Amino acid sequence: MTDTTQTTGPMMAADGTTLKSSLSRALRRQKLRALLLIAPLLLFVLVTFIAPIADMLFRSVENQIVAETLPRTTEALTDWDGDAGEIPPQSTFEALYQDIFVAQERKLHTRLGSRLNYELTGVSSLFRKSGRRVEDMGEVHQDQFEDLDDFWKDSENWNALMGTDRWLAEQNAWDPKGTAAQPAFQPRVEISALLPETAATFEIFADFVQNEDAENLAKEDPWALVYSALYNDLLLEPDMSGYAGPGSAELLEAMGAVGTFETVDYAAAFEDVDEDWHDIEVWQTIQTYSPAFTSGYFLNAVDMKKSPDGPEMRPENQQLYIKLFIRTLIMSLVITGSCILLGYPVGWILANLPARTANLLMILVLLPFWTSLLVRTSAWKVMLQQQGVINDTLVWLGVVADDSRLALINNQTGTIIAMTHILLPFMILPLYSVMKTIPPTYLRAAKSLGATNWTAFWRVYFPQSVPGIGAGSILVFILSIGYYITPELVGGTTGIFISNRIAYHISSSLNWGLAAALGAILLVVVLGLYWAYDRIVGIDNVKLGG
């Protein structure tokens with residue numbers, strides 16, 4: 001009975017577990033070992049390739065600067081109807097005053113102006129000008145509080161009023177010259193309940209002074225914005241009967257006086273700073289770009305823009321990028337075709353010459369490949385001039401008249417000639433690698449069967465060289481659409497690529513969002529062409545050698 005049970009049960013390994021479990025464990029160990037071996041390469045690819053592309057894609061839709069810099073204004077604009085033909089109400093202008101006041105202290109208003117200037121020209125100067133003048137609006141309230149009682153002039157009185165007793169004791173005991181950090185401001189609970197706007201504004205002020213400005217809060221007078229917040233809170237006449245803490249008498253006195261204070265007409269004040277603040281298009285732009293994420297960069301990248309009525313094409317004289325995309329693709333195809341026409345015979349000669357002669361010619365192919373890109377481009381810039389070597393030679397040969405020299409530089413012709421020369425080795429090397437593996441006996445066999453030279457080449461040799469053409473074409477085409485140094489130097493205004501505009505937005509205009517959107521579209525176009533190539537030719541037919 002015992003022997004029968006053992007033969008019908010699961011097979012066991014030497015350690016007592018089932019053979020199936022033991023095999024699965026061994027396979028898991030092998031997979032884990034393989035994963036650990038490729039982990040450094042995988043990490044390198046993630047950090048240097050995947051992460052930058054992901055960051056580029058995120059920047060192409062990221063738009064948090066508007067909502068983060070103007071939080072109160074964007075909230076106030078939520079219910080504003082931009083199509084009604086009226087500027088926002090007074091409360092929105094007051095929110096704008098509060099936001100710009102904080103932004104100019106943190107030096108963020110100029111960055112916001114630059115961002116919105118991409119969408120509406122002139123907004124950048126509008127924000128710069130407002131940042132310089134916005135403090136004057138708050139001083140109207142500050143002066144009246146200080147004229148009412150000297151209590152409001154002293155920063156120590158403000159700290160005692162707004163901070164907790166424990167924080168105030170720690171702050172007074174803190175040595176600014178010591179190594180200990182400045183005690184973080186803690187708001188007084190009773191004041192936060194009575195004067196919520198004042199407490200919130202003072203917290204922003206304290207955080208800025210202690211953490212961003214790294215100054216002693218006890219020595220800093222409150223912003224004028226704090227006085228404006230106090231004015232608003234006291235106008236609501238909060239119940240002070242239960243408060244007997246620091247400044248209680250001064251608060252009661254101020255509450256009785258604020259009704260007689262001079263008020264600020266924020267809409268008129270901003271109009272006094274710049275009349276454009278009463279331009280509805282400015283407010284529509286702020287409202288349109290309030291969300292944290294936007295399609296605006298992608299719309300700009302295809303010559304469109306966001307408007308209150310939805311996406312629409314830009315005026316014809318502002319359309320640029322679609323034309324550049326088309327030009328980039330067409331010129332890259334022309335350069336790839338030129339490289340095939342020039343590189344194919346060179347690859348064939350290299351593959352069929354004796355090894356010694358072929359190696360010598362290969363050095364001639366690689367020699368310019370090893371020369372600096374800038375040197376080669378500069379050489380073409382000299383040779384293609386109207387008074388350059390090529391035009392002089394053509395005039396000497398009588399091909400062109402001296403007064404009709406060819407325009408070969410600062411146009412598309414110059415870009416195609418220079419880039420064809422620069423990228424030619426990338427076509428020759430794959431072609432040579434594939435052609436070297438084609439047995440010459442195939443051609444001799446075809447001819448011995450009666451084929452002409454052309455028929456033997458076209459029906460026998462050429463199909464076997466197609467994988468080399470495919471590999472070279474992919475290399476040359478993808479390198480072409482990303483080139484920007486050579487088109488910048490020899491292309492002029494009509495020979496530049498979309499990559500030149502991407503480089504311009506990254507390094508000069510600092511419009512990284514638009515640059516990221518242009519790069520993302522270029523990436524999608526390349527992937528689409530790669531997919532089409534795979535469907536038509538088959539990526540398995542691409543070879544770099546035997």
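Just so we're clear, the structure is a prediction, and the values are computed from it rather than from any experiment.
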Look at the rings of Trp348 and Tyr461 and say which category their plane angle falls in: under 30° parallel, 30 to 60° tilted, over 60° perpendicular. perpendicular
Side chains of Met137 and Tyr266: closer than 4.5 Å at any heavy-atom pair? yes
Can you name the ring pair (Phe, Tyr, Trp, His ring centres under 6.0 Å) partners of Phe426, sequence neighbours left out? Phe369
Do Ser124 and Arg128 get their side chains close enough for a donor-acceptor pair, meaning under 3.5 Å? yes
Given 3.5 Å as the limit, does a donor-acceptor pair link the side chain of Thr455 with the main chain of Ala451, or not? no
Between the CZ atom in Arg132 and the CD atom in Gln104, the distance rounded to the nearest 0.5 Å is 11.5 Å
Classify the ring geometry of Phe101 against Tyr97: parallel below 30°, tilted from 30° to 60°, perpendicular beyond 60°. perpendicular
Quick one: pull up CZ in Arg459 and OG1 in Thr452 and give me the separation to the nearest 0.5 Å. 10.0 Å
Can you name the closest pair of heavy atoms from Cys339 and Val476 and give their distance? SG-CG1, 4.0 Å
Does the pair Asp303/Arg314 count as a salt bridge with the N-to-O cut at 4.0 Å? no
Side chain of Thr328, backbone of Ile498: donor and acceptor closer than 3.5 Å? yes
Return yes if some donor-acceptor pair links the side-chain N/O of Gln287 with the main-chain N/O of Leu77 below 3.5 Å, else return no. yes
For a 4.5 angstrom cut-off between non-hydrogen side-chain atoms, does Tyr432 reach Val365? no
Would Val61 and Tyr297 count as a side chain to side chain contact (heavy atoms under 4.5 Å, CB included) here? Give the steps. CA-CA 7 Å; Val61 296; Tyr297 292 123; over 6 Å; no
Salt bridge flag under 4.0 Å for residues Glu119 and Lys305: no
With side chain to side chain contact (heavy atoms under 4.5 Å, CB included) as the criterion, how do Arg501 and Tyr484 come out once you've worked through the C-alpha distance, each side chain's angles and the decisive distance to 0.1 Å? CA-CA 9 Å; Arg501 293 303 296 179; Tyr484 68 94; over 6 Å; no
Taking atom types as modelled and ignoring hydrogens, do the side chains of Asp265 and Gln90 form a donor-acceptor contact shorter than 3.5 angstrom? yes
Quick check: closest heavy atoms across Ile280 and Ile87, and the distance to 0.1 Å? CG1-CG2, 4.2 Å
When rounded to the nearest 0.5 angstrom, what is the spacing between CG in Asn63 and OG in Ser290? 8.5 Å
Taking all non-hydrogen atoms of both residues, which atom of Ser332 and which atom of Ile481 are closest, and how far apart? OG-CG2, 3.0 Å
What pairs with His421 under ring pair (Phe, Tyr, Trp, His ring centres under 6.0 Å), at least two apart in sequence or on another chain? Trp380
For Phe497 and Leu324, run side chain to side chain contact (heavy atoms under 4.5 Å, CB included): C-alpha distance rounded to whole Å, both residues' side-chain angles, the deciding distance at 0.1 Å, then the answer. CA-CA 6 Å; Phe497 286 1; Leu324 276 177; over 6 Å; no
Quick one: CG on Asn300 to CG on Leu320, what's the gap to the nearest 0.5 Å? 11.0 Å
Tell me whether Asp279 contacts the main-chain N or O of Glu281 through its side chain, where contact means a donor paired with an acceptor under 3.5 Å. yes
Any ion pair linking Arg133 and Asp272 (charged N to carboxylate O, less than 4.0 Å)? yes
Under 3.5 Å, is there a donor-acceptor pair between the side chain of Thr69 and the main chain of Leu112? no
When you check the side-chain N and O atoms of Asn411 and Thr494, is any donor under 3.5 Å from an acceptor? no
Without swapping roles, check the side chain of Ser404 against the backbone of Val400 for a donor-acceptor pair under 3.5 Å. no
Is the NZ or CZ atom of Arg115 both under 6.0 Å from the centre of the six-membered ring of Tyr289 and within 45° of that ring's axis? yes
Answer yes if the side chains of Ser509 and Tyr118 hold a donor-acceptor pair under 3.5 Å, and no otherwise. no
Within-4.5 Å side-chain heavy-atom neighbours: Leu529 and Leu329: yes
Between Pro345 and Ile340, the two heavy atoms sitting closest are CD-O, 4.3 Å
Is it the case that the side chain of Ser125 and the backbone of Gly122 share a donor-acceptor pair, with hydrogens and angles ignored and the cut-off at 3.5 Å? yes
Separation of Leu475 CG from Leu423 CG (nearest 0.5 Å): 9.5 Å
Taking Asn500 for its side chain and Ile496 for its backbone only, find out whether a donor-acceptor pair lies under 3.5 Å. no
State, without any angle test, whether Asn391 and Gln386 hold a side-chain donor-acceptor pair at a distance under 3.5 Å. no
Under 30°, 30 to 60°, or over 60°: which ring-plane class applies to Phe93 and Trp283, parallel, tilted or perpendicular? perpendicular
One thing to verify: whether Asp207 and Arg106 come together as a salt bridge, which I'm taking to mean a side-chain N less than 4.0 angstrom from a carboxylate O. yes
Do Thr92 side-chain atoms and Pro88 backbone N/O form a donor-acceptor pair below 3.5 Å? no
Taking the inter-plane angle between the rings of Phe127 and Trp277 on a 0 to 90° scale, is it parallel (under 30°), tilted (30 to 60°) or perpendicular (over 60°)? perpendicular
Do the non-hydrogen side-chain atoms of Phe58 and Ile53 ever get within less than 4.5 Å of each other? no
From OG1 (Thr486) to CD1 (Ile335), nearest 0.5 Å: 9.0 Å
Main chain of Val389, side chain of Thr393: is a donor-acceptor contact present, judged purely on distance under 3.5 Å? yes
